[in-house]
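Down below is the structure, laid out as structure tokens.
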Amino acid sequence: MPAAIHLLRGAAIAAAIWLLAGCFTNKQNEGARLYQEHCSSCHGEQGAGLRRLIPPLAGADYLSKNRAALPCIVRKGQKGPVVVNAVEYNQVMPPHEDLTDSQITNILNFLQQSWGNKGEPYTIREVSELLGACQGSDGR
């Protein structure tokens, strides 16, 4: 009888580990995947930007100086001049109304931790609150 209990306990632990691994594996690289899908065609696969046309995201001081504005910039796009690492850029960035608050959070967290950036990660709650400033939160 004790052997059967140990066997069942082991099977339950193995099933729990398998389920947890599946939950985290699917979302682990979502920010990188979404960046490639929605951002890399302009900002580049390595976030280097494009000369003096498209600002870089790699090592960009703009990310830390404008942390609170970034969710609305992703959701609503941007027009007008911006200064990144002492260089002025003035191109239109298209909006991404198709992304959920969660997806914007994952993209921003990918940017915060990639290419030498050392920004503090966002929470979904924080991004949803910041999106309220531009009426951009979808609550998802």
Side-chain angles (χ1 to χ4, degrees):
M1 193 63 140
I5 292 174
H6 288 297
L7 186 61
L8 286 173
R9 186 176 293 156
I13 290 171
I17 291 171
W18 181 78
L19 287 172
L20 285 173
C23 289
F24 291 111
T25 301
N26 290 338
K27 295 290 182 179
Q28 183 178 9
N29 297 319
E30 186 179 39
R33 183 185 60 76
L34 289 166
Y35 175 83
Q36 291 301 318
E37 187 177 323
H38 295 277
C39 313
S40 67
S41 62
C42 293
H43 292 283
E45 290 188 16
Q46 298 300 312
L50 182 60
R51 297 188 185 132
R52 290 190 170 259
L53 295 175
I54 306 294
L57 298 172
D61 61 352
Y62 192 87
L63 298 179
S64 60
K65 290 179 178 177
N66 297 281
R67 177 184 170 81
L70 295 177
C72 283
I73 291 172
V74 173
R75 170 78 78 220
K76 299 292 185 176
Q78 183 165 354
K79 295 178 184 172
V82 296
V83 177
V84 179
N85 300 337
V87 176
E88 184 174 304
Y89 299 85
N90 194 358
Q91 294 292 321
V92 174
M93 179 177 144
H96 293 283
E97 302 275 355
D98 56 320
L99 296 171
T100 65
D101 294 5
S102 174
Q103 289 173 320
I104 290 173
T105 303
N106 285 330
I107 289 173
L108 292 174
N109 285 337
F110 173 72
L111 298 179
Q112 296 287 7
Q113 300 298 315
S114 298
W115 313 307
N117 297 326
K118 305 269 187 237
E120 188 175 321
Y122 290 85
T123 63
I124 294 173
R125 173 182 241 170
E126 177 185 17
V127 167
S128 292
E129 288 173 2
L130 291 170
L131 285 167
C134 60
Q135 292 79 42
S137 178
D138 67 1
R140 295 182 295 147

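Values below: every heavy atom of this structure, side chains too, minus hydrogens, waters and symmetry copies. All values reported here derive from a predicted model rather than from experimental measurement. Just so you know, residue 1 is the first one in the sequence shown, and it goes up from there.
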Restricting to non-hydrogen atoms, name the atom on [X] and the atom on [Y] that form the minimum distance, rounded to 0.1 Å.
X      : Y      : value
Gln113 : Gly119 : NE2-O, 2.5 Å
Ile107 : Cys39  : CG2-SG, 4.2 Å
Val84  : Ala60  : CG1-CB, 3.8 Å

task = Give a yes or no on this: more than 12 heavy atoms of other residues, nucleotides or ligands lie within 6.0 Å of atom CD of Glu97.
result = yes

Under 3.5 Å donor-acceptor pairs involving side-chain atoms of residues 69-80, not counting sequence neighbours:
| unit_1 | atom_1 | unit_2 | atom_2 | d |
| --- | --- | --- | --- | --- |
| Arg75 | NE | Gly136 | O | 2.5 |
| Arg75 | NH1 | Leu99 | O | 2.2 |
| Arg75 | NH2 | Leu99 | O | 3.4 |
| Arg75 | NH2 | Asp101 | OD1 | 2.7 |
| Arg75 | NH2 | Gly136 | O | 3.0 |
| Gln78 | NE2 | Tyr62 | OH | 3.4 |

Tell me, which pairs form a salt bridge (charged side-chain N to carboxylate O under 4.0 Å, His left out) where one or both residues lie in [range], sequence neighbours left out?
range            : result
residues 131-140 : Asp138-Arg140
residues 85-96   : none
residues 46-73   : Asp61-Lys65, Arg67-Glu126

query = Apart from Ile54 itself, what residues make up its hydrophobic cluster when side-chain heavy atoms of I, L, V, M, F, W and Y under 4.5 Å apart count as a link, directly or indirectly?
reply = Leu50, Leu53

request  = Test side chain to side chain contact (heavy atoms under 4.5 Å, CB included) on Gln36 and Glu45 and set out the steps.
outcome  = CA-CA 7 Å; Gln36 291 301 318; Glu45 290 188 16; 3.6 Å; yes

ask   = Taking only residues at least two apart or on different chains, which pairs with a member in residues 81-102 satisfy ring-ring contact (aromatic ring centres under 6.0 Å, His included)?
value = His38-His96

inquiry  = Would you call the rings of Tyr35 and Phe110 parallel, tilted or perpendicular, taking 30° and 60° as the class edges?
reply    = tilted

